[in-house]
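Accompanying notes for the structure given below.
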Amino acid sequence: MPSLELSLNDLNAPQREAVTHSGSPLLIIAGAGSGKTRVLTYRIAHLLEQRGVRPGEILAITFTNKAAAEMKQRVEGLLSSRAANAMWVMTFHSACVRILRREGGRLGYPSSFTIYDSADSKRLMQLVCKEMDLDPKRFPPKSFSAQVSNLKNELVDYDTFGENAQTEQEKKLAEAYTLYQRRLHEAGAMDFDDLIMLTVNLLEMFPDVAEYYRRRFRHVLVDEYQDTNHAQYRLVRLLVGGGRDADPDAFPPPELCVVGDADQSIYAFRGATIRNILEFEADYPEARTILLEQNYRSTQNILNAANAVIQRNPDRREKKLWSDQGIGPKITGYVADNEHDEAAFVVGEIDKLHDEGEFTPSQVAVFYRTNAQSRVFEDVFIRTGLPYKIVGGVRFYERREIRDILAYLRVLANPEDTVSLRRILNVPKRGIGDRAEESIELFAARERISFAQALRRAQDAPGIATRSLKAIREFTALLEELEELAPSSTPSEVIEAVLQRTGYLSELANSKDIQDESRVENLEEFVDVAREFENTFSGPLYGGEEEDGEAALGAEPAEGAGGTAGDADAAAESAETEGEAAEPAEPTLVDFLEQIALVADTDQIPDADDTGGVVTLMTLHSAKGLEFPVVFLTGMEDGVFPHMRTLGEKAELEEERRLAYVGITRARQRLYISRSAVRSAWGTPSYNPASRFLDEVPKDLVEWRRAESAIAPSRPKFAAQSRKPSSRPTREVPTLEVGDKVTHDSFGMGTVQLVDGVGDRTKARIDFGADIGEKDFLVKFAPIEKL
DNA sequence: ATATAATGCATTTTT
DNA sequence: TGCATTATAT
C-alpha cells in the first residue's frame, strides 16, 4: 500500500513544503525541470489522503490537455484507491465549457452551444466585415478578429470599447465587435475567448453561481500560471473569492495554489500577462511563496548557460537553477555557411551519436524559431534517409476535408450554426453559388430570421434563380435526411452517412488530383477517430447534467447509489449522474464535437519513447514542457532568433530571451547551438550576424566545432561586395545603436533614434536637428560614419 | 459557376 | 521563394 508519508521522502525540502503547505494562497515558483508536476500531483494526493479533502472538491487547471491527462494519471498512480474521477483536472477551456453547458442558459446560450475555433471566428469576422461594407484594405478582418480576441482576453466588452472609441478604426472595430458578438450569439456559438470571458461574466452576474462553485471547489490549483491572461486571472479570482470584495461572514475561501515560472513565459503575444505571477503576492497578501531551484533534468553546464542568458532580462526575480547531475560535456557550437550546411551538420552529428551508441535518434530534438525553417531540415533529412517527425504545421483538424465534414456535423448538432452552414452550402459543388448565397443572406437580414431559416424559405427570397432554388431544395432535403438519422446514430455512423449521402467521398474518389487520394485517407482516419472516441467514451465531458447537482451545495452528499463503491468521496460527483461510469453513456454528436474543439491533436507531441527511432523537429514554442537527452538549437542568428520583429521592442526581445531559456533547458545531456552565415529568406539571401543570445552564453561553456563561416566572416560587406562590387564604396558599415552620433555626407551630424532590421537590411532613423529633421536610412548604403 | 491567373503576404499559437 | 486567397475569363 503506497503510503504518502513514505513517498514524501522522494521530495526535496522546498518541494515537501509546497506539498504540505496549508491555510493560505500558495505560489510555487518552479524553475525549468524542478519537478513541478511532481509537486502538483503530490500536493493533490496529499490533500486527498492526509487532509481529508474529497476528490469532488478539487479543481486543477492546466493549459493543455496533455498536461491535464498527465496530471490525472500521475495522481491516480499515487493514490491507494482510484478516486480521481470526481476531480476536475482539465484545461481552463474545458472547465469553462463544463460550467457554461450547465449555466449558459442564464446568458441566453443553448447548453449544446457550438465552439468556434480561431478559423471559424475569422470566417465569421469576415462575414461581419462584408456585411458592414468595410474596405478590407483599411479594415482587415483578420486584424479585427485578432483585436477582438485581445479585447476579450482583457475582458473588455463591446459597449465599453465602443464608448471609448476615438479613431475611425476604433469605431469600426467596436461596431464589428458588436455585430460579431451578436452573430455568435444568434448562431448559438462561442469562440475560444468567449469560453473564458463568458464564464467570468456568468460568475460576476450571478453570485449564486459563483458561490456554488466556491463551495464546491475547496482547492483550486493552477499550472503554468505565468501563461494566464487577464480573463483567466479574473476567473481564478472569482473561483477563490477575490480578496477585497469577499464577504467576511461567508464560508472560508477555497485554497489557491498556483505554479509557474516567469522565465518561461513565452505567450505574451497571445495575451498572457507575466504580471499575474509577478504580482501574486500583492493580489493575495497572505500568500506564501516557495522557490524550486533544484533541477533534475540537465547537466550543470547546460543550466549555467541557461542562467547566464536569462539573467540578462531585467526586473526578474533572481533564481539560479542547479543540478547534481554533474557538469557534463560542453555545449557544442557550429557556424554554417548556409542553412543546408547547418542541416547537414545536424544530421551528421545525429548519425555520429547514433553510431557511437550514445543516443538513438528518438532521443534527439531539433528546435527552430519559425516553422518555415523546418523545410531545409526536412529536405536534408529525407535525402540522408534519417527518419524524422515534425511537430506542428498543418494539423489534422485543420485540413480542409476534415473541416468540411466537421461543418456538417456541427450543423446537425446545431442547425443555427451559420458559419458551418455556409461552409457546406456548396460543398461538394451543388450549384449554389455566391449569387444565391447573397440573396439568401439579404433575405434573412430583411426578415430578421436566421440564415438557416431563410434557407428553408428560399422560395420567398427575392431575385433568386430557379436553378439555385432547386439546388437549395435538394440541399435542405439532404440536411433533413441527415438530421433524422443523427440522433439515433453514433458519431462515426453520422460521419459515414455524411460522406456517402452528400457525395463528398465520391467526388474525391473520382478526382484525379493526387492530393485527393490522401484526403480520402484522412477521412478514413477521421472515421477511425470517431470510433475510437466512442469506444473510450466514459461519460459526457460536461456531465449528463448535474453530476454535481445539489449534493455539493447541500451539507452532505447522498451516498452514490451503485456508484464508485468504497469511495464515498466520489459521491459528490457520481451520485446524481444517471448511468455514468457504471453503464457506459451514449456519446452524442455534441460530445464528439466538443472533444475535437477542445482536445486538438492528442498525438501531436510524441512521448519520450513512442517515437520509434525518429528525430523530433519542432518550433521552440512547441518545445515548452518537453525534454530530450539531445537538443539542437538552430538558426541562432539575429533576425531569426531573436526574430526580426522583436528587435525594436524591449518587452518582445525579453520574451525571445525567455524562449531561448526554454530551449536551452529542454536538454538533458547534450546541447548543440548552431547558426548560419547566409540564409535564404523569401528567395533572397540574407547575411545574419550571430544571435545576441550566443554572446550571452559564457565562452567557456561552449566548444566551437566551427567558429566562423568561410563566406561572410563577421563583416557582411565582403559577401555583398562579391555579388555587387561596384555598389559598395570602401567605407566601413557602422554598427549603430540608439543614441550614437553620426555624420552623414550631405546632412551632417545627427543622432540615431531607432535601429531596426538586421544584417544587410539594418535600417536606422537619424535625427539631424530641427532644420533637416528625422530621416531613415539603410545603414549598408547610407553615407554615414559613426563618431 | 467554376477553372485559371494574379496578387499579396509571410513569427511564435497550449485552447 | 511558395502558399493562400482573390480577380478574371470562360
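Keep in mind that this is a model prediction, so the values were computed, not measured. Quick note on labels: first sequence line is chain A, next is B, and so on, each numbered from 1.
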Subject >> Rounded distance in Å - CZ (A:Arg400) to C1' (C:dA4) >> reply: 11 Å
Original post:
Got a salt bridge between A:Glu398 and A:Arg403, using NZ or NE/NH1/NH2 to carboxylate O under 4.0 Å?
Top reply: no
**OP:** Ignoring hydrogens and angles, state whether a donor on the side chain of A:Asp227 or A:Gln264 is under 3.5 Å from an acceptor on the partner side chain.
**Re:** no
**OP:** Assign B:dT11 to syn or anti; the rule is syn for a glycosidic angle within 90° of 0 and anti otherwise.
**Re:** syn
Original post:
Where does DNA chain B pair, written as one dot-bracket string 5' to 3', with Watson-Crick or G-U pairs under 3.5 Å, ( ) inside the strand, [ ] for crossing pairs and | for another strand?
Top reply: ||||||||||.....
Original post:
Are A:Asn276 and A:Thr228 linked by a side-chain donor-acceptor pair shorter than 3.5 Å?
Top reply: yes
Original post:
Does one side chain, of A:Asn338 or A:Ser676, offer a donor that lies under 3.5 Å from an acceptor on the other?
Top reply: no
Subject >> Centroid-centroid under 6.0 Å between A:His185 and A:Phe113 rings >> reply: no
Original post:
So what does A:Arg375 hit on the nucleic acid, given a heavy-atom distance under 4.0 Å: a base, only sugar-phosphate, or nothing?
Top reply: sugar-phosphate
Subject >> Interatomic distance at C1', C:dT5 relative to B:dT12, whole Å >> reply: 22 Å
Original post:
Is A:Lys429 salt-bridged to A:Glu507, cutoff N-O under 4.0 Å?
Top reply: no
Original post:
Can you check ring-ring contact (aromatic ring centres under 6.0 Å, His included) on A:His621 and A:Tyr267, steps first, answer last?
Top reply: CA-CA 9 Å; A:His621 282 88; A:Tyr267 285 108; 5.4 Å; yes
Subject >> Nearest-Å distance for atom pair CD/P, residues A:Glu339 and C:dT1 >> reply: 13 Å
**OP:** Kindly state whether the ring of A:Phe693 and the ring of A:Phe641 have centres lying under 6.0 angstrom apart.
**Re:** yes
Subject >> Distance-only side-chain donor-acceptor flag, A:Ser121 / A:Ser118, under 3.5 Å >> reply: no
**OP:** Assign a letter to each nucleotide of nucleotides 5-10 of chain C from its 5' end: B, base within under 4.0 Å of a protein heavy atom; S, sugar-phosphate only; -, no contact.
**Re:** -S----
Subject >> Protein-nucleotide distance (A:Gln373, atom CD; C:dG2, atom C1'), rounded to Å >> reply: 16 Å
Subject >> Exercise: do A:Tyr116 and A:Asp417 side chains pair donor with acceptor under 3.5 Å >> reply: yes
Original post:
Does the ring centre of A:Phe63 sit less than 6.0 Å away from the ring centre of A:Phe92?
Top reply: yes
**OP:** Quick one: label A:Asp117 by what it contacts on the DNA or RNA (base, sugar-phosphate, nothing), any heavy atom closer than 4.0 Å.
**Re:** nothing
Original post:
Roughly, in whole Å, what's the span from CD1 in A:Ile61 to P in B:dT15?
Top reply: 15 Å
**OP:** Identify, between A:Asn426 and A:Thr91, the residue whose nearest nucleotide on DNA chain B lies closer to the 5' end.
**Re:** A:Asn426
Subject >> Protein-to-nucleotide contact annotation, 5' to 3' order, nucleotides 8-14 of chain B [B base; S sugar-phosphate only; - none; under 4.0 Å, heavy atom] >> reply: --BBBBB
